[in-house]
Protein chains: 2
Amino acid sequence: MLHIAYTKKTTFLYMPFTLILNNIAKHIHLSKEEQVVFTDLLKPQAIKRKQFWLSDGDICKHSAFVTTGCLRGFTVDKNGIEHVLSFAPPDWWMADMYSLISQKPGILNVEALEDTQVLLLSKTNQEKLYQQIPKFEHFFRVLVENSLVASQQRLIDGLSLTAEDRYNNFCKRYPTLIYTLPQKQIASYIGVTPEFFSRMRSRK
Amino acid sequence: MLHIAYTKKTTFLYMPFTLILNNIAKHIHLSKEEQVVFTDLLKPQAIKRKQFWLSDGDICKHSAFVTTGCLRGFTVDKNGIEHVLSFAPPDWWMADMYSLISQKPGILNVEALEDTQVLLLSKTNQEKLYQQIPKFEHFFRVLVENSLVASQQRLIDGLSLTAEDRYNNFCKRYPTLIYTLPQKQIASYIGVTPEFFSRMRSRK
DNA sequence: CTAAAAACTTGACCTACATCAACTTTGCCC
DNA sequence: GGGCAAAGTTGATGTAGGTCAAGTTTTTAG
């Protein structure tokens, strides 16, 4: 009995962790012991649809890895208009990087678009991980490098493409999200109003 | 004789390296031996005003750390219009991250705005560094994290601020660059035409 | 199953910024 | 130091995309 309970909680085959372990295995190799050390630092959390995981002004204490559902990160400007910075479907990470790094109040809101399950890695545990398994320093460097490339590409797209081209890019890059996301969220992500987005789609 | 030559090349006080060693010291501590290992992996290069360090389509093989002068990184869109992604005054790093990571042809052009001195760290040497002094993995992770935060903030600004507010932000963030940079480069960075930028400044 | 809320559409009008063109000023190089 | 290219200015006009408002459709939660 006891043994089964232990197994369930820590073996690397225990369902909630297979996604994140595969995600990591793309970049670094972990022994089974290291996998256990790692997964023991994670805390599962459920976030109901429309519930906020993080609000403007909060200090971000965790990174969240999405296993099911979908999160969106957005800011609100001085006119009350929302601007979507990122979506996090399963297999993606989400955090307010500015706040997580500086431990100062952030500007990001993170809301669940549907009932969502995440694995939380606290900043403290992340630092422990860097100490105990230095390979994770490499892993997160690569992760952040890829985010930077994507962010810069989006900057370039914003400066050099029309809304229509940006939409086409979005469709290519996130083919699955097009069907699950409300149009107004995609509109916000590519930087146009829902009205203009609607007109844009009806041309073609 | 021989001893003097050796000293000049490797001691950490040798002028060209003090800037980069201080830059690094902000995040990690290096012993004198480690400093020598590191600086021996760097290759100084001079880039004349208007000369290109990197062109659209090149594979980016190095990171460049600017010690004097200034670089600008930009892309060219299908209408031939240039869009400035970043400036690198002294104490800043420059690279085409996408190309550097993937070793595929990049999209960035990097040109010297004035006669510029850089220290080059090749991708190969950077990987050696990660092997030999794992602290560097930490250093570059932090560096990239900060770039990501800046890039995301610029994305948000582009979506939520007027050109005028973006200009004001630019002035606050890069007070020194305003006086050295041609207006059209700043215009391009904040995402407007030189004509509109000129009008914007004459109001006020 | 139903009522209410949220998402989407469509029309009329508006504005921040772009484009093109002609001119003036600046600054670099021989 | 003078000629010339690049940078900056200014005016007239064009347009991608925004705003506001009213209506229709879809989704959601009980």
List the atom pairs, with distances to 0.1 Å, where a side-chain N or O of residues 99-107 of chain A and a protein N or O form a donor-acceptor pair under 3.5 Å, not counting sequence neighbours.
from: A/Ser99; atom 1: OG; to: A/Cys60; atom 2: N; distance (Å): 2.8
from: A/Ser99; atom 1: OG; to: A/Lys104; atom 2: O; distance (Å): 2.7
from: A/Ser102; atom 1: OG; to: A/Tyr98; atom 2: O; distance (Å): 2.8
from: A/Ser102; atom 1: OG; to: A/Lys104; atom 2: N; distance (Å): 3.2
from: A/Gln103; atom 1: OE1; to: A/Lys61; atom 2: NZ; distance (Å): 3.4
from: A/Gln103; atom 1: NE2; to: A/Cys60; atom 2: O; distance (Å): 2.9
from: A/Gln103; atom 1: NE2; to: A/Leu100; atom 2: O; distance (Å): 3.1

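- Separation of the A/Tyr167 and A/Phe197 ring centroids falls under the 6.0 Å cut-off.
- Relative to the axis of its first five pairs, the axis of the last five pairs of the helix from C/dC1-D/dG30 to C/dC30-D/dG1 sits at 70°, rounded to 10 degrees.
- Between A/Arg141 and A/Glu145, at least one side-chain N (NZ, or NE/NH1/NH2) sits under 4.0 Å from a carboxylate O, which counts as a salt bridge.
- Partners of B/Lys48 under the salt bridge (Lys or Arg N to Asp or Glu O under 4.0 Å) rule, at least two apart in sequence or in another chain, do not exist in this structure.
- Under the side chain to side chain contact (heavy atoms under 4.5 Å, CB included) criterion, B/Leu143 pairs with B/Trp93, B/Phe139, B/Phe140, sequence neighbours left out.
- Here chain A contacts DNA chain D (any atom closer than 4.0 Å to a heavy atom, that is under 4.0 Å), and the contacts span D/dG17 to D/dA29 from 5' to 3'.
- In this structure, A/Phe136 and A/Leu30 have side chains that are in contact, with non-hydrogen atoms separated by less than 4.5 Å.
- Among residues two or more places apart in sequence or in another chain, the salt bridge (Lys or Arg N to Asp or Glu O under 4.0 Å) test is passed with A/Lys123 by A/Glu127.
- Judged purely by atom type and a 3.5 angstrom limit, B/Asn22 uses its side chain to pair as donor or acceptor with the backbone of B/Thr18.
- Evaluation of the salt bridge (Lys or Arg N to Asp or Glu O under 4.0 Å) rule for B/Asp91 yields B/Lys26 as partners, not counting sequence neighbours.
- Proximity of a side-chain donor or acceptor of A/Asn125 to a complementary backbone N or O of A/Ser122 within less than 3.5 Å is not detected.
- Listed by first then second residue, pairs satisfying side-chain hydrogen bond (donor to acceptor under 3.5 Å, both in side chains) with a partner in residues 110-121 of chain B read B/Arg72-B/Glu111, not counting sequence neighbours.
- Here B/Arg199 lies in heavy-atom contact (under 4.0 Å) with a base.
- For B/Asp77, the side-chain hydrogen bond (donor to acceptor under 3.5 Å, both in side chains) criterion is met by B/His83, not counting sequence neighbours.
- Bracketed by its first and final contacts, the part of DNA chain C lying under 4.0 Å from non-hydrogen atoms of chain B reaches from C/dC17 to C/dC28 in 5' to 3' order.
- DNA chain D is contacted by both A/Lys50 and A/Thr162; A/Thr162 maps to the nucleotide lying nearer its 5′ end (nearest heavy atom per residue).
- Annotation: salt bridge (Lys or Arg N to Asp or Glu O under 4.0 Å) contacts of A/Asp157 (sequence neighbours excluded): A/Arg173.
- Using a 4.0 Å cutoff on non-hydrogen atoms, the parts of residues 186-195 of chain B near DNA chain C are B/Gly191, B/Val192, B/Thr193, B/Glu195, ordered by number.
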